[in-house]
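In what follows, a single structure is set out as structure tokens and then discussed.
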Amino acid sequence: MDSTLPPLTERSSILRWMRQNLFGSWLDTLLTLLGSLIVYWALKGFLTWALTVAEWEVVSANLRLLIIGQYPLAQAWRLWMGLGFLIFLSGNSLGIWARDSKFYAALLLAPALLAALPFGEEPRKWLIALTLTGLIGWGLGRARPEVLKRSVITGWVIALPIFILLTNGLSESEIGFMPVVKTNLWGGLLLTFLLTAVGILFSFPLGVLLALGRRSQLPVVRLASVAYIELVRGVPLITILFMAQLMLPLFLPDNLTLDRVLRAMVGVTLFSAAYLAENVRGGLQAISHGQYEAGYALGLSGAQTMAFIILPQALRLIIPILVGQFIAVFKDTALVAIVGLFDLVGIAKTVLAQPDFLGLQREVYVFVSLIYWVLSYGMSYLSQRLEESLGVGKR
Amino acid sequence: MSEADDTIISVRDMHKWYGNFHALKGINMEVKKKEVIVIFGPSGSGKSTFIRAINRLEEHQRGEIIVDGITLGHDVRDIEQVRMETGMVFQQFNLFPHLTVMQNIVLAPIQVRKWTKQKAEETAMQLLERVGIPEQAHKYPGQLSGGQQQRVAIARALAMQPKIMLFDEPTSALDPEMIKEVLDVMVELARSGMTMLVVTHEMGFARAVADRMFFFDQGEIVESGTPEKIFDDPNEERTKLFLSQILSH
Ligand SMILES: Nc1ncnc2c1ncn2[C@@H]1O[C@H](COP(=O)(O)OP(=O)(O)OP(=O)(O)O)[C@@H](O)[C@H]1O
Ligand SMILES: [Mg+2]
């Protein structure tokens, strides 16, 4: 018993820390006690519910629905392949650019951890395969960094198009190779992921262009950019999503119909671009005029100075803000549930509408929140590590 | 120093206003190839404005500026052409902090002169050796001392193989012990036959390499002449007064 206690000096330093930080004065003591009481109450209530009352079957029974919606099971291999491609690229990249970090290598074991969840036989095999794919990619990247660099970058550029192509399918006929899966069957985390990825990827260049437009010498360009940015920032996302659903078709030629998922993607992109533009503008303002002059004096054109000197510095400065915004996009996509799409939140509502699972809102929404939290926090944590290794704010 | 009589910079009756403020009031200057010109004068006299007008970082409103046969006007191609042929070194270095020393130097040769990466990097290494810091090639500007940064800035400007080099107070932001290492590079450059316009109050440098000196005050050229003439027998009282002030410490 005695041997498990920390050595005397350490024990006393813990006691000292507690005395200084928790029981420094009678007010501190009171607050500490009160705080502990509240935490104890809340935790006790939650844990009692989570461990005894909650009927988690609603989650395990609907896990597939929550992850991929109504996507046909027979075609699910395509999603696994898409995910495999992403994980392979991640492994490759980590092997090349973070070759000495055990932490990042350990991340590649995450799919194996997920295999411990109550998935069926089939997903479990896939998850193990994904883990192996990631590790193989990592090994290859470590072994041949110089050779693979270029192809990995190309891989990332085409990653989203490939994922969407796999999800959507190729052949129009039911029996052909990779038959098309209609977007109304895309759902759950899959749809949330696609909305987020498309929203971020397309709003990024659009936002940069708007930021540059806002600083343009040409009055028409400047006014148009300002008008767009201020208009979009002045209305809630939900109204933009409704407008994208109801009004977008009015602007398009008759023979062109956009499906509902695509319309939502357009809405999210247009919304996010306006905020991004303002963030980028903030970054641009932080770059001194001397940097422009140095570029011009070397004979670089305005566009070259922007592309090689100003933008890289401005964007690096605002990485933390950008990540914050990307996380916001991820969470904001939940609003598409209101315009009738079956993203993570939308599908949760349909799960709860099944007669078998009436009244289990708590379980379902706790689980959905958990997914959002894990992914949001993951993004934010990874970006902090990235900032550290890029030395943001140091040079 | 040079007997060549072909003019490379010609400024005639040049005026510049900032709003209502008349910053330059009719400047005339002819610079010949391989000449080294030193420009000095009190703060606010328009030295920076003048030298920055040569590569159009400032726009003049009246008179004309002809650089290497090109008249500076509103044509962007003309301006870019002049900037390709003129290197500039700034008081605050203005290195690109997100790029390594090597990347700082090769950026413009690759993007503007369309050199291959290999050719640009070889030239860059030669230049870094010339300015005495080849071992710093793969560091970032933030990791260098002020004197080293300014030498990188000189190498970066030289990498474009300019015909003219402009210096705007290149040593004013440096600690005293670093001034010499930068001046040494500039003296070597002047002796190699580069055409140079230098705004500076380093009178030792002026005496050593300047062909002619121009004293600016209140937007005008008060006096010009060889270093011997300016230092030993200036015509104008204002020149005498200013020189006595800066030479006294
Ligand atoms: N962008 C500007 N807008 C308005 N006035 C300006 C601007 N730039 C310079 N001036 C004014 O023009 C005059 C000349 O400035 P300039 O920078 O050329 O002086 P300088 O001789 O280089 O002085 P210093 O030795 O302090 O660098 C100064 O009175 C300055 O206040
Ligand atoms: Mg000045």
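Each chain gets a letter, A, B and so on, in the order the sequences are listed, and its residues count up from 1. Because only heavy atoms are used, hydrogens play no part in the values below, and waters and symmetry mates are left out as well, while side chains stay in.
- Across every non-hydrogen atom of B/M160 and A/L298, the tightest pair is CE-O, 3.4 Å.
- Other residues, nucleotides and ligands place more than 12 heavy atoms under 6.0 Å from the OH atom of A/Y292.
- In terms of modelled atom types and a separation under 3.5 Å, the side chain of B/H98 and the main chain of A/A314 share no donor-acceptor contact.
- Between A/Q291 and B/P97, the closest side-chain pair of non-hydrogen atoms falls below 4.5 Å.
- Considering every non-hydrogen atom in both A/Q304 and B/Q111, the closest pair reads NE2-O, 3.4 Å.
- Proximity to chain A is absent for every atom of B/R113, based on heavy atoms less than 4.5 angstrom apart.
- Interatomic distance, OH of A/Y296 versus CG of B/N55, reported as 12.5 Å (0.5 Å rounding).
- Within a 6.0 Å radius of CZ in A/R144, no more than 12 heavy atoms belonging to other residues, nucleotides or ligands are found.
- Interface residues of residues 56-95 of chain B toward chain A, defined by a heavy-atom distance below 4.5 Å and sorted by number: B/L57, B/E80, B/R83, B/M84, B/T86, B/M88, B/F90, B/N94, B/L95.
- Residue B/E135 places its CD atom among more than 12 non-hydrogen atoms of other residues, nucleotides or ligands, all under 6.0 Å distant.
- Proximity of A/I309 to B/L99: side-chain heavy atoms (C-beta onward) are nowhere separated by under 4.5 Å.
- Scanning for side-chain contact (heavy atoms from CB on, under 4.5 Å) contacts around A/L223 gives an empty result, with sequence neighbours left out.
- For A/S288, no part lies near chain B; criterion is any non-hydrogen pair under 4.5 Å.
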